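Accompanying notes for the structure given below.
Not measured: the values here are computed from a predicted model.
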Amino acid sequence: MKKYLNGTISDKEETLLEEFDSKLILKNKDTFRNEEDKQRIRHAISKNHKGKHNNSSFSNLAKVAASIVVLFGLGYLFFMIAPINNAKEIPVEEVVLQTEWGQKMNLTLPDGTQVHLNSGTTIKFPKKFSAYSREVKLDGEAFFEVAKNPNKPFIIQTGEVNTMVHGTSFNINNYDDKDRVEVTVATGKVEVSSNEEKVFLTQNDQAIFDRTTKNITKEHVNAADYLYWKKGIINFKDAPLAEALEALERWYGVSFIVKNEKVKRCHITASFNNEILTVVLESIIYAKKGLQFEYIEDNKIMIKGKCTD
């Protein structure tokens with residue numbers, strides 16, 4: 001502040017001084033009723049700082065006035081905002097929707113975004129989005145067709161991974177029993193981030209977050225291969241039988257018991273379009289000689305025998 005008053009402040013120090021009030025306010029999260037209040041103050045401060053001056057001949061009188069504005073603004077904001085702590089918060093109503101195993105659902109979010117939920121999926125979102133962002137939480141798998149809004153980013157929280165877009169379509173696979181989170185882009189541009197890193201994806205790109213290493217890798221894929229489920233199609237492309245059975249469990253709401261663990265390593269390539277489970281199993285048994293299946297209970301099936309690729 002002394003350097004600011006006597007005219008010896010550097011550009012970098014002047015920037016830090018101007019940022020001081022915003023950082024101090026935003027650091028005290030408990031000061032705000034909700035995220036929307038915090039965003040409102042952030043936007044106001046950011047807007048004021050865009051008029052930053054660089055005139056080295058700026059008079060001492062003007063600098064004193066500017067300093068008073070900074071300090072007065074800081075005090076005024078705390079004076080106006082702090083009492084809000086004692087006010088009763090008005091909670092934003094949260095909507096929670098869930099699909100059971102073997103069930104799918106299509107829905108429209110408050111902003112017009114279309115969401116297709118796969119089996120065993122839970123989505124949470126506010127009944128009304130804030131003025132500055134659209135945030136949802138997802139456990140499971142879903143395809144999003146996000147309504148375009150360049151001023152209000154759309155953010156999907158999937159555990160340790162955040163996916164942010166403004167308007168695009170993509171698929172997220174985030175089942176708890178899998179060791180990875182997959183984000184596959186059909187159209188547009190997507191930002192996928194964790195605490196450690198972030199990547200940008202475009203059409204037919206896929207980001208894979210490893211829950212163990214916490215790393216994100218990026219691959220180029222055919223997005224259509226990851227979207228068959230939307231049309232009721234089960235598609236296996238050289239998939240281990242263990243992976244195929246997991247998919248069938250989610251798809252039909254059943255559970256499998258495999259007597260021979262080696263069978264799980266058997267690979268299968270097949271596609272089934274809205275077929276009943278018995279037809280799917282009979283096709284697999286026909287293709288993989290030596291395997292048998294037996295219904296133990298209504299929703300429990302035993303896989304027996306041997307499998308040869």
Those residues that, when tested against K259, pass side chain to side chain contact (heavy atoms under 4.5 Å, CB included) (two or more places apart):
M302, K304
Is it true that I285 and V258 fall in one hydrophobic cluster, defined by side-chain heavy atoms closer than 4.5 Å?
yes
Measure from the side-chain N and O atoms of T213 to the backbone N and O of N215, and report whether any donor-acceptor pair falls under 3.5 Å.
yes
Quick one: does N174's side chain have a donor or acceptor within less than 3.5 Å of a partner on G159's backbone?
no
Run the numbers on N118 and R250 for side-chain contact (heavy atoms from CB on, under 4.5 Å), then give the verdict.
CA-CA 9 Å; N118 204 347; R250 292 192 291 267; over 6 Å; no
Heavy-atom count check: over 12 atoms from other residues, nucleotides or ligands less than 6.0 Å from K128 NZ?
no
OG1/T121 to OH/Y175 distance, rounded to the nearest 0.5 angstrom?
4.0 Å
Under 3.5 Å, which donor-acceptor pairs do the side chains of residues 227-236 form with other protein atoms, sequence neighbours left out?
residue, atom, partner, partner atom, Å
W229, NE1, E141, OE2, 3.3
W229, NE1, N171, OD1, 3.2
W229, NE1, Y226, O, 3.4

Sub-3.5 Å donor-acceptor pair from the side chain of K104 to the main-chain atoms of W251, do we have one?
no
So CD1 of I172 and OG1 of T163: to nearest 0.5 Å the spacing works out to 4.0 Å
Does the side chain of F125 come within less than 4.5 Å of L107's, by heavy atoms?
yes
Could you tell me which non-hydrogen atom of N106 sits nearest to which non-hydrogen atom of H116, and how far apart they are?
OD1-ND1, 2.8 Å
Distance-only donor-acceptor pairs under 3.5 Å for side chains of residues 200-209, two or more places apart:
residue, atom, partner, partner atom, Å
T202, OG1, D205, OD2, 3.2
Q203, NE2, A186, O, 3.2
N204, OD1, A223, N, 3.0
D205, OD1, H220, ND1, 3.1
D205, OD2, T202, N, 3.0
Q206, NE2, T184, OG1, 2.9

Taking C-beta and beyond as the side chain, do R265 and P240 meet within less than 4.5 Å on heavy atoms?
no
To the nearest 0.5 angstrom, please state how far the CG atom of D177 sits from the CD atom of E249.
8.5 Å
Euclidean distance, F256 CZ relative to E246 CD, rounded to 0.5 Å:
11.0 Å
Does Y286 have K289 sitting over its ring (NZ/CZ under 6.0 Å from centre, angle to axis within 45°)?
yes
Which pairs of donor and acceptor atoms, one on a side chain in residues 269-280, lie under 3.5 Å apart (sequence neighbours left out)?
residue, atom, partner, partner atom, Å
T269, OG1, D238, N, 2.8
T278, OG1, Y295, OH, 3.4

On a heavy-atom basis, which atom in I257 and which in K300 lie closest, and how many Å separate them?
CD1-CD, 3.6 Å
Taking side chain as C-beta onward, heavy atoms only, is R180 less than 4.5 Å from D210?
no
Do W101 and L248 sit in one hydrophobic cluster, given that two such residues count as connected whenever their side-chain heavy atoms are within less than 4.5 Å of each other, even indirectly?
no
Side chains of E197 and K214, heavy atoms from C-beta outward: is any pair under 4.5 Å?
no
Looking at I268 and A244, what are the two nearest heavy atoms and their distance?
CG2-CB, 3.9 Å
Residues two or more places apart in sequence or in another chain: which of them pass side chain to side chain donor-acceptor pair (under 3.5 Å) with E282?
none
Cluster link V221 to F144, ILVMFWY, side chain under 4.5 Å:
no
Nearest 0.5 angstrom please: K137 NZ to I156 CD1, how far?
13.5 Å
Quick one: do I123 and M105 end up in the same hydrophobic cluster if we chain Ile, Leu, Val, Met, Phe, Trp and Tyr together by side-chain heavy atoms under 4.5 Å apart?
yes
Inter-residue atom distance E135.CD - K152.NZ, 0.5 Å rounding:
11.5 Å
How far apart are the C-alpha atoms of Q103 and S119, what are their side-chain angles, what is the distance that settles it, and do they pass the side chain to side chain donor-acceptor pair (under 3.5 Å) test?
CA-CA 5 Å; Q103 178 189 13; S119 302; over 6 Å; no
Remaining members of hydrophobic cluster (4.5 Å side-chain criterion), V96:
none
Enclosure of K178 NZ (heavy-atom neighbours >12, cutoff 6.0 Å):
yes
Donor-acceptor pair, R134 side chain versus A147 backbone, under 3.5 Å?
yes
Indicate if V181 and M164 have the same hydrophobic cluster label, given that clusters are the connected sets of ILVMFWY residues with side-chain heavy-atom separations under 4.5 angstrom.
no
How about K189: does its NZ atom have over 12 heavy atoms from other parts shown lying under 6.0 Å from it?
no
Go through it in stages, so that I can follow the logic: the residues are F170 and V146, the test is side-chain contact (heavy atoms from CB on, under 4.5 Å), and I'd like the CA-CA distance, side-chain angles, deciding distance and then a yes or no.
CA-CA 9 Å; F170 54 96; V146 177; 3.8 Å; yes
Give the minimum heavy-atom separation between L291 and G305, together with the two atoms involved.
CD2-C, 4.3 Å
For the residue pair A142 and L138, what are the closest heavy atoms and their distance?
CB-CD1, 3.9 Å
